[in-house]
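For the single chain, residues carry numbers from 1 onward in sequence order.
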Amino acid sequence: MTPRSPSRRFLLRVGALTAAAGAMPMLGGCVTDELGGPALPEKQSALDVMPVLLVATTRKPVGSPVRPPYFSSDRGKCLSFAEVRLSPPDRSLLGKVSAVITGDWTIGAVPKVETGPGAADAFSQAALGRDVLIYVHGYRESFESAAVSAARLSDGIRFKGVSGLFTWPSAAATLDYGYDRESAMWSRDAFEDLLKALAATPNGGRIFIVAHSMGTLLTLETLRMLRAEAGESAMARIGAVVLAAPDIDFDLFSNGVSRLGPDLTKITVISATNDRALELSAAIAGGTRAGAADRAKLEALGVRVADASDYGGGLINHDLFLSNPEVQGVVKRAIARGGAGV
């Protein structure tokens, strides 16, 4: 059967929403959750002191030894582990002005990659029993953009443990939504292997997961598998799960969270009914996306909800957790609750 070409109207719609995705969100409004306003920011993150990002990926490595861009959009044969050396942003006034144009965190080097059955254990050993924050990116992300987002997240909430990234083979292209979604789902077993290795570490710390957009589908499915196969002992090591702008059909989301049992209380959803990126996803995939659903509808499922609809003053409102201190406060409080076991 010959695939049907997208209609001109559909391409115009995608084009308009994609163009809007390049705009910077404006500041305004406020976000609260059930614990009140944002916590006071701490001065420095652990990542700022030692800028190393632990990476687990199902992307195919580029070259041997690896060379930029280090990992491609192709699917690798198995899980890979890498310690990525980052270059932090210039904290001076001149650096802050320059960052508007050139960006902030950058990849400095990827000195070694381990691919194969030992990759998950290598990640776990590198964490040295400390708390770990794992970022799972969304649709249309390259390895570099995902690594930068992971760094911005960890540094933004002043995380004191190990910063990690699970990155799957996104094509990083607007019209490759189908490829991205299948790549995310294809990566479930590898992500589960990573979580199992971390959970099995004696005297290990808590595992915190922040997933964005399409990465929330991968995360939710993996947690369901982990609970079914590894049981309560593995899930007990999961401290908190933040699902930011979940790009999941609402019915699928509802079914997924219902299978988590008591672990449902660990989930915090950051939503926005005016998320234009999720509007694009709905135009491509169909169905109401969970991240754009009404707060009351989400809360009825039993998850914690931070509704950012009134906060975003920009055109997109899809990645506020990376750019706004108040939304970052929601993530920080979720991690604090998870670290305290509440």
Side-chain angles (χ1 to χ4, degrees), residues 1-22 56-62 69 71-80 135-147 149 165-192 209 211-225 243-257 269 271-272 275-293 315-319:
M1 179 177 179
T2 303
R4 185 174 63 182
S5 299
S7 69
R8 183 174 181 272
R9 177 179 294 179
F10 174 78
L11 291 175
L12 287 173
R13 177 68 167 162
V14 169
L17 290 169
T18 302
T57 180
T58 49
R59 295 175 183 265
K60 183 178 180 180
V62 177
F71 295 97
S72 72
S73 61
D74 295 332
R75 297 167 184 164
K77 293 182 179 180
C78 48
L79 186 69
S80 293
Y135 175 63
V136 185
H137 65 83
Y139 158 58
R140 207 177 61 171
E141 292 280 359
S142 67
F143 168 70
E144 180 181 12
S145 67
S149 291
L165 167 68
F166 184 86
T167 174
W168 46 274
S170 166
T174 299
L175 295 181
D176 283 326
Y177 186 91
Y179 176 84
D180 274 22
R181 190 178 189 280
E182 293 188 9
S183 290
M185 297 299 283
W186 172 79
S187 300
R188 289 174 297 176
D189 288 341
F191 191 24
E192 184 189 17
I209 303 172
H212 181 227
S213 191
M214 192 178 285
T216 62
L217 174 61
L218 164 61
T219 298
L220 191 58
E221 286 294 300
T222 302
L223 289 175
R224 180 182 60 79
M225 292 164 52
L243 305 179
D247 185 6
I248 312 175
D249 176 84
F250 184 84
D251 292 335
L252 180 60
F253 181 80
S254 175
N255 183 64
V257 297
V269 176
S271 64
D275 187 324
R276 294 288 298 277
L278 292 182
E279 184 181 343
L280 170 60
S281 297
I284 296 173
T288 300
R289 315 320 283 169
L315 295 176
I316 303 303
N317 306 321
H318 192 56
D319 60 357

Could you check whether any side-chain N or O of [X] sits under 3.5 Å from a backbone N or O of [Y], counting only pairs where one atom can act as donor and the other as acceptor?
| X | Y | value |
| --- | --- | --- |
| Ser149 | Ser145 | yes |
| His137 | Trp168 | yes |
| Arg188 | Met185 | yes |

Side chains of [X] and [Y]: closer than 4.5 Å at any heavy-atom pair?
| X | Y | value |
| --- | --- | --- |
| Val62 | Phe143 | no |
| Ser170 | Arg59 | yes |
| Ile209 | Leu223 | yes |
| Val269 | Thr216 | no |
| Pro69 | Glu144 | no |

Please report the closest heavy-atom contact between [X] and [Y], naming both atoms and the distance.
| X | Y | value |
| --- | --- | --- |
| Tyr179 | Pro169 | CE2-O, 3.2 Å |
| Ala282 | Gly287 | CB-O, 3.6 Å |
| Leu79 | Ala190 | CD1-CB, 4.0 Å |
| Ser187 | Thr58 | OG-OG1, 2.8 Å |
| Gly138 | Ser213 | CA-CB, 3.9 Å |
| Glu192 | Thr222 | N-CG2, 3.5 Å |

Anything under 30° is parallel, anything over 60° is perpendicular, the rest tilted; go ahead and classify Tyr139 against Tyr177.
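Geometry flag for Tyr177 against Tyr139: perpendicular rings.
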Checking Arg289 now: which residues fulfil salt bridge (Lys or Arg N to Asp or Glu O under 4.0 Å) with it, not counting sequence neighbours?
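Arg289: salt bridge (Lys or Arg N to Asp or Glu O under 4.0 Å) contacts with Asp247.
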Side-chain H-bond candidate by donor/acceptor type, Thr174 with Arg140, under 3.5 Å
yes
Looking at OG1 of Thr219 and CD1 of Ile248, how far apart are the two atoms once the value is rounded to the nearest 0.5 Å?
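Those atoms lie 8.5 Å apart.
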For the atom pair CG (Asp249) and OG (Ser281), what is the distance rounded to the nearest 0.5 Å?
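Spacing of CG (Asp249) from OG (Ser281) equals 11.5 Å.
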Show your reasoning for whether side-chain contact (heavy atoms from CB on, under 4.5 Å) applies to Asp180 and Glu141.
CA-CA 9 Å; Asp180 274 22; Glu141 292 280 359; over 6 Å; no
Residues forming a side-chain hydrogen bond (donor to acceptor under 3.5 Å, both in side chains) with Arg224, sequence neighbours excluded:
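With neighbours one apart ignored, the set is Glu221.
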